[in-house]
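What follows is a set of notes on a single structure, which appears directly below.
Sequence lines set the chain letters: A, B, ... in the order given, protein chains first and strands last, and positions in each chain run from 1. What you see is a predicted model; the values in this text were computed from it and never measured.
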Protein chains: 2
Amino acid sequence: MQASIELLDAEGEDGLTVRALTAHLSTGRGAIYHHVAGKDDLLAAGTDAVIAEVITAAGGDQDPSQALRALALGIFDAIDAHPWVGAQLARQPQPAIFRLWTGIGTLLGDLGVAEPDLPTAGSALVSYVLGASAQYAAGARRAADGEDREAHLQQLAEQWAGDEANPAPGDTAALLVEHDDRDQFLAGVDIFLAGIAAQM
Amino acid sequence: MQASIELLDAEGEDGLTVRALTAHLSTGRGAIYHHVAGKDDLLAAGTDAVIAEVITAAGGDQDPSQALRALALGIFDAIDAHPWVGAQLARQPQPAIFRLWTGIGTLLGDLGVAEPDLPTAGSALVSYVLGASAQYAAGARRAADGEDREAHLQQLAEQWAGDEANPAPGDTAALLVEHDDRDQFLAGVDIFLAGIAAQM
DNA sequence: ACCTGAACACCGTTCAAGT
DNA sequence: ACCTGAACACCGTTCAAGT
């Protein structure tokens, strides 16, 4: 398990091959099939391990509102460090997501959200956290892949400016470039908490 | 392009193979490489085609708040119909996402959100829409895969109830089972809009 | 310019044979 | 019970040869 997480981090999603893994563990290609159902199982188990660690680690805070932010940021940082986790979570619902949902639900309850609203508020916040983390991680990975981030965003903006059906305001590219992913992510969490407070 | 979208819808993400596609088009395996960079390009272009169609189709509504809901629901339904789109969007930022972001930004502006807040509010809403759609689509696909949905959720709940570090309230499983995905998705959009109204 | 399809370098998974 | 590694049935991509 640890070996496959290392492989995924180092080589990306395509780097996890049965051959590479069994070579790293210096065993035969067929050996892992005695411990795991197949490659998919490996990816799922690795994803759950990463998310589960974040959930258990983020238990320290007293203030529920701060605890929610800390938990959300923990997921964000984990997916930033392991981008394959973001892709996997969009592909397959996993046990760890269920634990994240209940953990967030409990904190929202501590915050004063009424019991009948907890499932809706909780799953909306979970969806935001996972969606935003995956989105930022994918963007960051692309930027790190040798592409110049600013040039890429500029190109995106120009490409879209050329789309006549949907013309762009002049400063769109600048707005795209000038922001900090982590701050913007947290601002989204706050929008959510404000909406829940206002409406539930 | 149309052929590969059909293949992806019918056979899933793994069903799009160069061999199946070229057989369907009754041409040689190497022929597509004269029109497209490779398989990844095919998946990216198909994803952009699906999203772009939703964006151009959802232009009818006058009230910006209703237009936002219609656009969000359009993305939700598209990803529900083409689940591979959800997975692809979590893996790679795409031009169509940029257009979605600006489209949502414009509508948020019409709704009265101040210009400096538009990028943050817009990307938060985009992240929610994409994350939630992918999540629900993945869950629905799993349920359709012959698994009994209720039994599966029940099992998830029991599995988690056995986790001693994080005990569950008794009715968690029931709450999981009794909801409509589409309604819950829209409730999340409304939480967002309420949060933006309250805070920006 | 575009297509063909054999060839190449990979995959995940299985399974008889070993320990 | 667990491991080995050859074998099998696939992949995506390339490229000399054709039209």
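Checking C/dG12, C/dT4, C/dG5 against the side-chain heavy atoms of B/Ala31 singles out C/dT4 as nearest.
Two residues, A/Asp14 and B/Thr27, neighbour DNA chain C, and the one matched to the more 5' nucleotide by heavy-atom proximity is B/Thr27.
When the C1' atom of D/dT13 is taken as reference, atom CG of B/Leu43 falls 17 Å away, rounded to whole Å. Look at NZ on B/Lys39: it is 12 Å from C1' on D/dC10, rounded to the nearest Å. One interatomic measurement links the two molecules: CG of B/Leu7 to P of D/dC11, which rounds to 11 Å at whole-angstrom precision. The distance between atom NE2 of A/His35 and atom C1' of D/dT4, rounded to the nearest whole Å, is 14 Å. If you take CD1 of A/Ile32 and P of C/dC15, they are 16 Å apart, rounded to a whole angstrom. Per the geometry, NE2 belonging to A/His34 stands 15 Å off C1' belonging to C/dG12, to the nearest Å. Remark: C1' of D/dA7 and OH of A/Tyr33 are 14 Å apart, rounded to the nearest angstrom. Whole-Å rounding puts the B/Leu21 CG to C/dC3 C1' distance at 15 Å.
You'll find a donor-acceptor pair under 3.5 Å spanning the side chain of B/Arg19 and the base of D/dG12, going by distance alone.
The partner of C/dT13 is D/dA7, judged by Watson-Crick or G-U wobble contacts that both fall below 3.5 Å. Under the Watson-Crick or G-U wobble criterion, with both distances below 3.5 Å, D/dA1 is paired with C/dT19.
Side-chain contact check for B/Gln88 versus B/Glu13: every heavy-atom pair is 4.5 Å or farther apart.
Nearest heavy-atom pair, A/Tyr136 versus A/Gln184, reported as atom, atom and distance to 0.1 Å: OH-OE1, 3.2 Å. Listed here is the closest heavy atom pair of B/Leu71 and B/Ala58: CD1-CB, 3.9 Å.
B/Leu21 CG to B/Lys39 NZ: the interatomic distance, rounded to the nearest 0.5 Å, is 10.5 Å.
Heavy atoms of B/Leu16 sit under 4.0 angstrom from primed sugar atoms or phosphate atoms, though from no base atom.
Checking side-chain atoms of A/Tyr128 against main-chain N and O of B/Ala132 turns up no donor-acceptor pair under 3.5 Å.
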